[in-house]
Structures are given as structure tokens and as C-alpha cells.
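Structure first, commentary second.
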Amino acid sequence: MSSDKVTFDFKGKSISCRPGTSVAVALWEEGVRVLSHSPKYGRPRGISCARGQCTSCLMRVDGVPNIRTCETEVRDGMTVERQDTGAFYGAGMQKILATADNLFPVGFYYKWFTRPTALNRVFLDMIRPLTGVGRIPEPGTELKADGLSNSLVTDLGDFSKVIVGGGPAGLAAAVESSGPVLVLDEHHECGGQRGTALREATTALGNRLERFPVLANSGRRLDGLIKDFSARPEHTFLGGVRAVAGYPPNGLLLRRENDLATMNFRELVWAAGAMDTLGLFPGNDTPGLIGPRALYRLLLRDGLDVAGRQVLILGNGIDSWLSAVLLAERGARISLVITESGYHTEISAAIDAKWQLTTGFKLASIRPHGEGQLAATLVSRESSPSGPLHSHLQLEADLAIICGQGKPTFDIPFQLGIDMSLQQDRGGFIPTGAGESSVFSGRLPDGATVAVVGEAIGETVMEPIVPPGKQKNGHPEGSAQ
Amino acid sequence: MSNPKTILCRCEDVTLEEFREAFSEGFSELESLKRYTGTGTGFCQGKGCMSEAAAELAVLRNIPPEKVRLTTIRPPAEPLTFGQLASLDVPEFQPAREEER
């Protein structure tokens, strides 16, 4: 294995890594935790969503700016650079800015010197070079056309019923469907964002699995659905495909790597799941802070090496335990902070892993610490006036996983004309009028239908894992905040 | 070093403080707050911040969260390159529409 290494260049340094991993992960393992700086304040950013949906990992690869390095596989001889162009990014500049921060009022850059026009021009000329991400390729750089293979169009076939999302909700919809359906998922296997993680964890736990009823039930349900789905040859699963736009009345724009294709549907089931919610607290953009879905992709898709790393897991529910089991399997040192107390002894007895469990704390803030690490400050949930000594806790880690309720993906159905409203108990925007229902069904102006199911409508898999006999004092939901 | 900023919109680097400040200046809808502060106009097109922004606005205005009006989110939902778009057979959407009439 060690002979077939891929070597690429980062800032003149040659970095060797295993083939098949992503640029972002190769850099992380090499200790490069800051992949970019934010456009305005020049704040350091690291791997965040791990699915090409955020700005944090955008870098310049072989001269081409704005490449999602979390989704770009390492290639021999590639050149990777940060695309920091502003004057903010000097090493000392960050410290100066942090101290001078209080001198500048909120939004000063668009409020100061707006008149007279001549002064405004001078002001803008002064501050613009300080900010921004990336620069356009130098004239003469040859850029190749991206998607010209056009194989996605042919692979799509002529299905009129399409299900976006191959997780439990999408598969359940497919199994119930009478006619042939096309199931699309951005992952290459069906099972959803948690699928592979769940399969590995249930295997790893072996006969201890029954002590984790939620993991056991979810694993069994998923296995059953995959079996039922594969017993229906009229259905097709197409992996690696992402819905990138909805065009009314019934058009979908789909992307598989650089290939785009359109399709018109008569029936759409939106089962695209939820996205990690990190929450609003000071330092919520600190490198190393990710959600469980990102962790699953980093571990299972990219093979992120966490052996010996310190990982902090915050929160409760299936994702915190699933993350813990996967990380323990890979030799990470885990601090698990659950937001409720009462059953951690049973849990730690059920797993041999040596992790540090803390209960009754909630996250207050996170900040960068040392070389690529982070430090989390936790405060006691019951901040008792008598116990200031125990009300604060500081934990340092390479990664912090925030396990809360995900936010439903809603943008494509919304673009198609399904009205959305914010339901905080469901984690975010879900179709207006969905009420307490776990399935929303809507009709588009031309008669095509859109159904929204699963985590995309806030169906929660956040049930805390309560051991038998302890149910009575268990709260229904946990959250990292 | 410890910079206690809470980032609402990571792509456009909008802090929670800036969003609140904009609200206090009189921008009271998600749509106008988006245009004024840049919240949700970046690479992720609001995937990472729109529900947080809406929840914050509900608190600021003291209204139920479901009463906050969402902004327009225009397709595509993620950045595409010209190279990718060039590979697309554009007229495919048109016949379907005409068929329906």
C-alpha cells in the first residue's frame, strides 16, 4: 500500500498521501487545518460540510480558483494553493485586526464615506484590496471545458417518477411505489447520509448492539428497506447525482460531477434529508468544528485518519453515539459531552472504548487553539449560583462534532413553487401546511406532484438512547445548545 | 486572539451582530436583510444560514417563526461552471411546457 502514494504540491511543499482521498482530507492529515480565509474578516476556515455545499474548503487547484477541495480527489502532481489575495492574510495582520476590531463599527465598510463620491471612490480603492477570495486565472491560463461527456442524460432514462434521496425515507417511498421509479442520491450507494456509518457501527458493536435500541432498529429498518428495494427490478438507483436546481413547473437540473442533465417529472419525492446544524455561538466557524453528516463522509468516503486524535462530541441522540462508535473503532481519543445526564454509566459499560463522558454541560463558545486544534468552553446547564467552580469546563480537540437536529433541505422544492415556512421544532424550513404530518404532498400548477418526506420534512432521528428502565425521566430531544 | 464573533452567514462573513444592527436600522424582512447584509447570497445560497437568519428575525420582531417570509431562492442552488452549463442541451425544458398547453 505504501508504494502507491499520490504526491501533490501545497505552498511549495510536497505532500504525500494515499490515493482516493480528497485534497481537504490529505491536507488535514498533514496538519494543514486552515484551507481558506473568510472574505471580509479573514477568519480561518477548515473542512466544514464535506459535501461541496459551503465556502470553507474552496482553494485554487492547478491555477483554477474556487475548487471544492472536500470533493476533489488527490491527483499526482497537482498544485494546491490557498486563494487568499487580500492584505488581511499576513500572519501578524490577524492579530492586529483582532485588537483593532472594536474601533470599527458594524458594517463600517458600507457606511463610511458614502459622500462625496470622490472620497467614496478613494475609500473603496483602499479597502477593496484588503478583502475578497480568489483571483481570476492569469490571462493565457488554459481552462478546459468541464462537462462534455453527457453520459448523465442517457443514464437518467425516461422515468416520470423520481425520488431525490436514497436514504430510509426515499427507499420507503420507492418500495411503496407501484410504477417504476428512479432514485437519485449524491452518495454512490443507497442508505442515505447515515447509511454506511450505521452499517459499520452495527457490525462493530456485534452482540452489544441490542443495548443501543435506536441504532439496532435503524440498522434493521435500513437493511430491510434496501432488501425490499433491490427486490424491485423495475426501480433504478443512480448514485453520485445531486439535484442542483428546480425550474417550474416540473423541471429538475441534475449534476453528476461535471455532467449536467435536465429532467421533467410527473411525480417528485423529495427525500434529500437534512444538513448539519452547527448553531449560533461565538466561534461557530472555527476550523475543526463539523457536524455528524460531515464526519461520516470524512471517515467513510475519504478515510480520514483519526487515530490518536482528540475528538469532542457534543450532543445527544443517534448521531452522537454513531460518531462515537465509528471514532472509537478508528482509535480516536473521544470526549463525549452529552447534554443530558442520567444514563452515561450504562452506555460506557456497553462499549469498551475509553472515552471521557461529561454530562450536564452545554456549549458556550469555541476558538482556535494551538496548531490547528480548537478549544471549546462549556458551561453547566444548571448554572447554579452556588457553584461557580463547576460551571465552566474547557476541552481541547482536533475535531468537534456537534450533533443536533439537522436542518431540512428545502431549496429545490421551494424553487419549484412549494411554499415553505420555518418550523423550529422540525429543524428549519418545511412545506407550509405540513402541520404535524410526516409526509407533505403538493400539486404543482401543471399537475405534477411533489411529496416531501423524511428528514427533509423534519422527521427526527434524534431520539436519545435511553437504556431500559430509565425512560421515565428521559427528555424527548437533545441538542448541542 | 480570541475573537468572539458569532458568524451567521459564513460565505459572506455576516456576523449575528451585523444582522441585528441591520434590523435596528429598519430592515425588517428577510429579503431586505439579505440584500443589505449579504446574508444568504454567497456560495451556499443560504443553505447554511437561512433558517438561522429567519429564526433570529422571528426573535427580533417578536413574531412566530412560521410568520417569517422566506426570500426568493433562484436556481441554480449551487454554483455551476460555464463549462458544465455548456454541456447542457438547453431546449429540453421547452417541449415539455408546450405539450402541456
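Predicted model, so just to flag it, every value in this text is computed and none were measured. In what follows, chains carry the letters A, B, and so on, assigned in the order in which the sequence lines appear, proteins first and then strands, with residues in each chain numbered from 1. Hydrogens, waters and symmetry mates are skipped; everything else that's a heavy atom, side chains included, is used.
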What distance do [X] atom [atom1] and [Y] atom [atom2] have between them, rounded to the nearest 0.5 Å?
X      : Y      : atom1 : atom2 : value
A/F281 : B/I7   : CZ    : CD1   : 11.5 Å
B/Q84  : A/L260 : CD    : CG    : 5.5 Å
B/C9   : A/D285 : SG    : CG    : 11.0 Å
A/D411 : B/M50  : CG    : CE    : 10.5 Å

Of the non-hydrogen atoms in [X] and [Y], which two are nearest, and what is the gap between them?
X      : Y      : answer
A/L278 : B/R10  : CD1-NH1, 4.1 Å
B/S51  : A/G427 : OG-O, 4.4 Å
B/T6   : A/P282 : OG1-N, 3.2 Å

Side chain, backbone, both or neither: which part of A/L58 has an atom under 4.5 Å from a heavy atom of chain B?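 Only the side chain of A/L58 comes within 4.5 Å of chain B.
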What part of A/S56 gets closer than 4.5 Å to chain B, counting heavy atoms only: side chain, backbone, both or neither?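 For A/S56, the contact with chain B is made by the side chain alone.
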ring-ring contact (aromatic ring centres under 6.0 Å, His included) against A/F108, all qualifying residues, sequence neighbours excluded: A/F104, A/W112
B/F27: partners by ring-ring contact (aromatic ring centres under 6.0 Å, His included), with sequence neighbours left out: B/Y36
Any non-hydrogen side-chain atom of B/F43 less than 4.5 Å from a side-chain atom of A/R68? yes
Do B/E52 and A/K407 have side chains that approach each other closer than 4.5 Å (heavy atoms only, starting at C-beta)? yes
Selection from B/P79, B/G38, B/C49 maximising heavy-atom pairs under 4.5 Å formed with chain A: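 Looking at each option in turn, the highest pair count goes to B/P79.
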If the contact rule is any heavy atom under 4.5 Å from chain A, which residues of residues 58-78 of chain B qualify, in numerical order?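 Within residues 58-78 of chain B, near chain A: B/P65, B/E66, B/L70, B/T71, B/T72, B/I73, B/R74, B/P75, B/P76, B/A77, B/E78.
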Interface residues of residues 13-20 of chain B facing chain A - heavy atom cut-off under 4.5 Å: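 Expected list: B/D13, B/V14, B/T15, B/L16, B/E17, B/E18.
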Give a yes or no on this: more than 12 heavy atoms of other residues, nucleotides or ligands lie within 6.0 Å of atom CD of A/E371.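 Result for CD/A/E371: open.
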Looking at B/K5 and A/N284, would you say the former's side chain and the latter's main chain have a donor-acceptor pair under 3.5 Å?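 Answer holds: no.
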Heavy-atom cut-off 4.5 Å, strictly under: side chain, backbone, both or neither for B/E12 against chain A? backbone
Counting only non-hydrogen atoms closer than 4.5 Å, does B/L80 touch chain A with its backbone (N, CA, C, O), its side chain (CB onward), both, or neither?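 Interface part for B/L80: side chain.
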Just give me the residue among A/E257, A/Q423, A/K111 that pairs up with chain B most often, heavy atom to heavy atom, under 4.5 Å.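 Heavy-atom pair counts peak at A/K111.
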Look at A/G52, A/G447, A/G428, A/C54 and state which one has the largest set of heavy-atom pairs under 4.5 Å with chain B.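 Looking at each option in turn, the highest pair count goes to A/C54.
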